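Here the structure is laid out as structure tokens; the discussion comes afterwards.
We number each residue from 1, following the sequence as shown. When a ligand or atom number is given, it counts from 1 through the structure's own listing order. Every value quoted in this text rests on a predicted model; they were computed, and no experiment measured them.
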Amino acid sequence: MRECGNWKFHIPSGAGRILDTLHEAGFEAYIVGGCVRDCILGRTPTDWDITTSASPQKMKQLFRKTVDTGIQHGTVTVLMPDGQYEVTTYRVDGEYLDGRHPEEVTFTASLTEDLKRRDFTINAMAYSEETGVIDEFDGIGDIRRKMIRAVGNADRRFSEDALRIMRALRFSAQLDYSIEEKTREAITRFAPRLSLVSAERIRTELEKTICSDHPERLRDAYMLGLTKYFLPEFDVCMSCAQNNPHHRYTVGEHILHAMQAVRADKVLRLTMLLHDIGKPSCKTTDAEGIDHFHGHVNKSAEMAGRILKRLRYDNATIDTVVRLVSCHDMYMENTESAVRFGMVRVGPELFLPLMEVKLADGAAQSSYRIGMKRRQVDTWIRLYREIIRRGDCLDLKHLAVTGKDLIAAGVPRGPELGTVLKRMLQDVLQEPSHNEKTYLMNRYVLRENL
Ligand code: ATP
Ligand code: MG
């Protein structure tokens with residue numbers, strides 16, 4: 001472990017050896033970017049990037065195992081026994097013509113030039129044991145001030161690469177930092193350039209934002225005029241009032257509070273983000289002036305599917321979130337059979353996550369009947385645990401009768417097989433003791449065949 005000032009740099013042995021090898025060969029080399037920021041913050045870095053004056057060709061001579069990850073941009077991945085490290089030659093980015101990628105990069109002998117091309121002051125620091133922290137843009141000051149500030153001219157930095165807009169939002173949510181004024185103004189000005197950023201890159205940053213400790217920072221993205229480029233449905237929610245005893249917030253504010261009230265898990269946070277997204281289009285106001293949102297559950301589920309597809313989410317994530325959204329208002333009687341039917345509807349593996357969704361939804365509503373809503377969820381969870389403990393049959397796989405049994409008893413092959421099995425399952429969900437071959441065959445096959 002290496003110490004510098006009050007900060008501890010637990011540089012992994014592989015990264016340390018890379019630095020030493022480069023130094024011994026007469027080159028400059030530093031750890032740089034996010035890992036320096038994280039060490040100063042006392043957080044554990046997710047990856048350790050290295051920047052060096054050595055050319056990619058030189059690196060390939062110095063290290064036995066390398067991969068040409070982005071050799072034209074000067075990046076070589078060095079494989080070490082404890083992991084892999086990206087090592088990049090000091091570089092200057094050329095003209096950005098597409099609002100996202102430099103046309104060309106040129107290598108430089110100057111660390112300062114390399115730090116200048118980085119996005120924010122907190123991400124533009126380098127460290128080596130010999131030099132300590134190199135901080136040319138007062139990244140440490142901005143950490144103290146809790147500020148996201150662009151390196152150099154903010155307008156230029158966002159016009160070069162619009163992804164930096166999403167990164168500013170994401171870092172402000174992860175670190176709970178504000179965005180410095182000039183940087184904020186530039187973000188607002190260049191927000192329309194977000195349409196140049198691929199859906200995948202937007203998704204990554206949006207997900208990091210809503211899975212951070214401060215998902216409510218999405219409010220800032222709305223105020224800065226960013227959400228309208230990647231989640232315009234949310235803008236509509238921010239201006240949709242809910243005059244209803246269950247609610248105290250607009251739909252948008254309710255969504256923000258609901259995200260805060262749930263665990264920082266991708267599926268749960270996405271579910272809370274989208275659970276009421278269809279409300280504005282279902283709003284009606286009755287004679288007493290009370291707002292209603294009939295049909296909003298199905299509408300939200302349908303919109304959630306479309307939005308997640310647009311953000312290029314994988315099918316498994318889309319399916320899980322849509323199922324949770326479409327069940328978020330599901331009501332069950334306080335009986336084991338009602339809970340079994342509920343478990344089948346959402347999928348048994350999603351029952352507990354659904355309870356988390358319901359608790360978060362309730363916590364973000366008004367205090368009206370809040371205690372009752374919580375007790376209700378507790379009761380459902382108790383019934384669920386009992387069902388799981390006993391191992392009740394919840395699907396065709398665990399039914400005491402199979403398709404083969406039905407064929408042997410003379411039921412014709414074809415859709416009727418499925419119909420009979422489903423009827424049996426309904427019976428067993430109602431009454432688990434009925435999951436018994438003789439009973440089921442007598443009741444649903446033999447008697448009908450007589
Ligand atoms: P994380 O903790 O999520 O890894 P990070 O800051 O390390 O955050 P990376 O995407 O790993 O982010 O990038 C490493 C470094 O490269 C950043 O700290 C920054 O210096 C620089 N960088 C990354 N993306 C950009 C960009 N779009 N524009 C300018 N510099 C960037
Ligand atoms: Mg990183």
Which N, O or S atom of Asp47 lies nearest to the Mg ion (ligand 2), by name: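 The nearest such atom is OD1.
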
[X]/[Y] ion pair, N-O < 4.0 Å:
X: Arg144; Y: Asp138; answer: no
X: Arg390; Y: Glu336; answer: yes
X: Arg91; Y: Asp114; answer: no

Taking atom CE of Met259 and atom CZ of Arg219, what is their separation to the nearest 0.5 Å?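 CZ of Arg219 is found 9.5 Å from CE of Met259.
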
Less than 4.0 Å is my threshold; does some heavy atom of Phe120 fall inside it relative to ligand 1?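 Phe120: no contact with ligand 1 (<4.0 Å).
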
Kindly identify the option in [options] whose heavy atom sits closest to [atom].
atom: atom 11 (O) of ligand 1; options: Thr46, Asp47, Val151; result: Asp47
atom: atom 26 (C) of ligand 1; options: Met166, Arg164, Arg201; result: Arg164
atom: atom 16 (O) of ligand 1; options: Arg118, His101, Arg157, Gln174; result: Arg118

For atom 18 (O) of ligand 1, what's the nearest protein heavy-atom neighbour? Residue, atom name and distance, please.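 Result: Gly34 N, 3.0 Å.
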
Should you measure from each heavy atom of Gly33, which atoms of ligand 1 turn up under 4.0 Å away?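 Per the distance check, 18 (O).
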
Distance-minimising heavy-atom pair for Ile179 and Met147: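 Minimum heavy-atom separation between Ile179 and Met147: C-SD, 4.4 Å.
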
